[in-house]
Amino acid sequence: MKLENLCVTPEKKSRKRVGRGPGSGMGKTSTRGENGQKSRSGAGVSAWFEGGQSPLYRRIPKRGFNNARFRIEFATINLSDLNRFNDGDVVTPELLKEKGIVKKQLCGIKVLGNGTLEKKLTVRAQRFSSTAVTKIESAGGTAEVI
């Protein structure tokens, strides 16, 4: 053991034990003050609450363009979902909806490359990921963009 290897242990300060007897000095209201919302148990105000004043997010003007109304959203399926079909089938968005694989077509269907495809299928969809196209073609099928 060398002098440079010794480490100083920090002092351990005991935690504040509120509401414990007359000697602690933190009895009765337990350092919470007398009345008010913050003195009640389980109560408190959220970080964005401004005491009943009109909040900042409502005071500032809402301006500018928001793309949420115009965005294009696709229903996604994985290659592993297409293993339900038989060899040589033509998979269309209508057939996917009929089988219950897709609930809503939204703006179209995008085929993603998760999983493996064991069957030779002709898949017709609006979009394909690059891995999905390579996996479909390596299984002997074709990927057709509608």
Side-chain angles (χ1 to χ4, degrees), residues 1-86 89 91-121 123-139 141 143-146:
M1 181 180 286
K2 295 183 180 175
L3 199 60
E4 61 266 16
N5 293 339
L6 292 175
C7 61
V8 179
T9 55
E11 286 186 30
K12 291 187 178 175
K13 187 178 176 184
S14 58
R15 68 183 183 88
K16 185 195 282 190
R17 297 181 72 228
V18 295
R20 299 296 197 290
S24 69
M26 290 173 239
K28 195 178 171 247
T29 55
S30 303
T31 71
R32 287 174 177 255
E34 293 297 324
N35 294 326
Q37 189 173 13
K38 288 201 230 167
S39 70
R40 317 282 191 222
S41 68
V45 283
S46 51
W48 54 88
F49 186 65
E50 297 184 35
Q53 173 179 304
S54 182
L56 182 68
Y57 72 92
R58 287 181 60 195
R59 290 198 306 262
I60 58 173
K62 313 298 188 282
R63 296 185 67 233
F65 178 75
N66 187 353
N67 200 33
R69 195 185 321 162
F70 306 104
R71 75 169 174 237
I72 298 170
E73 198 172 343
F74 290 92
T76 57
I77 58 164
N78 293 314
L79 285 179
S80 55
D81 299 331
L82 299 177
N83 287 323
R84 298 184 192 179
F85 297 100
N86 299 323
D89 279 357
V91 180
T92 59
E94 294 79 28
L95 192 62
L96 289 169
K97 192 169 184 186
E98 187 182 305
K99 287 257 187 178
I101 298 172
V102 173
K103 289 186 177 125
K104 292 182 187 173
Q105 286 189 27
L106 301 173
C107 295
I109 290 178
K110 182 169 182 175
V111 181
L112 304 176
N114 294 346
T116 56
L117 184 65
E118 289 109 25
K119 296 178 179 161
K120 182 180 176 181
L121 298 171
V123 185
R124 291 184 180 148
Q126 280 77 9
R127 297 260 174 107
F128 291 91
S129 68
S130 57
T131 53
V133 172
T134 54
K135 286 183 179 181
I136 290 169
E137 289 173 353
S138 66
E144 297 177 7
V145 178
I146 300 174

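Side chains are part of it too, since the values below use all heavy atoms of this structure and drop only hydrogens, waters and symmetry mates. In this chain, residues are counted from 1 in sequence order.
- At least one side-chain heavy atom of I109 sits under 4.5 Å from a side-chain heavy atom of L96.
- More than 12 non-hydrogen atoms from other residues, nucleotides or ligands lie less than 6.0 angstrom from CD of E4.
- Within 6.0 Å of CD1 on I60 lie more than 12 heavy atoms contributed by other residues, nucleotides or ligands.
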Under 3.5 Å, which donor-acceptor pairs do the side chains of residues 41-53 form with other protein atoms, sequence neighbours left out?
residue	atom	partner	partner atom	Å
E50	OE1	Q53	NE2	3.0
E50	OE1	R59	NH1	3.0
E50	OE2	L56	N	2.9

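- Among residues two or more places apart in sequence or in another chain, the salt bridge (charged side-chain N to carboxylate O under 4.0 Å, His left out) test is passed with R71 by E73.
- The shortest heavy-atom contact between L79 and G113 is CD1-CA, 4.0 Å.
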Between side-chain atoms of residues 15-22 and protein atoms elsewhere (two or more places apart, or another chain), which donor-acceptor pairs fall under 3.5 Å?
residue	atom	partner	partner atom	Å
R20	NH1	V18	O	2.9

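- No hydrogens or angles considered: a donor-acceptor pair under 3.5 Å links the side chains of E118 and T116.
- Every residue two or more places apart in sequence or in another chain that forms a side chain to side chain donor-acceptor pair (under 3.5 Å) with T131 is listed here: S129.
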Quiz item: Under the side-chain contact (heavy atoms from CB on, under 4.5 Å) criterion, do L121 and L82 qualify, and how do the steps go?
Solution: CA-CA 9 Å; L121 298 171; L82 299 177; 3.9 Å; yes
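- Between R127 and V145, every side-chain heavy-atom pair lies at or beyond the 4.5 Å cut-off.
- Smallest separation of non-hydrogen atoms from A75 and V102: CB-CG1, 3.9 Å.
- Partners of E144 by side chain to side chain contact (heavy atoms under 4.5 Å, CB included), not counting sequence neighbours, listed by chain and number: T122, R124, T142.
- Shortest non-hydrogen contact noted between K119 and F85 is CD-O, 2.8 Å.
- In this structure, K62 places its NZ atom where more than 12 heavy-atom neighbours from other residues, nucleotides or ligands lie under 6.0 Å away.
- Residues meeting the ring-ring contact (aromatic ring centres under 6.0 Å, His included) test with F65, sequence neighbours left out: F70.
- Counting heavy atoms from C-beta on, the side chains of I136 and V133 never come closer than 4.5 Å.
- Here OG1 of T31 is found 7.5 Å from CE of M26. Values are rounded to the nearest 0.5 Å.
- In this structure, the side chains of F74 and Q105 stay at 4.5 Å or more apart for every pair of heavy atoms.
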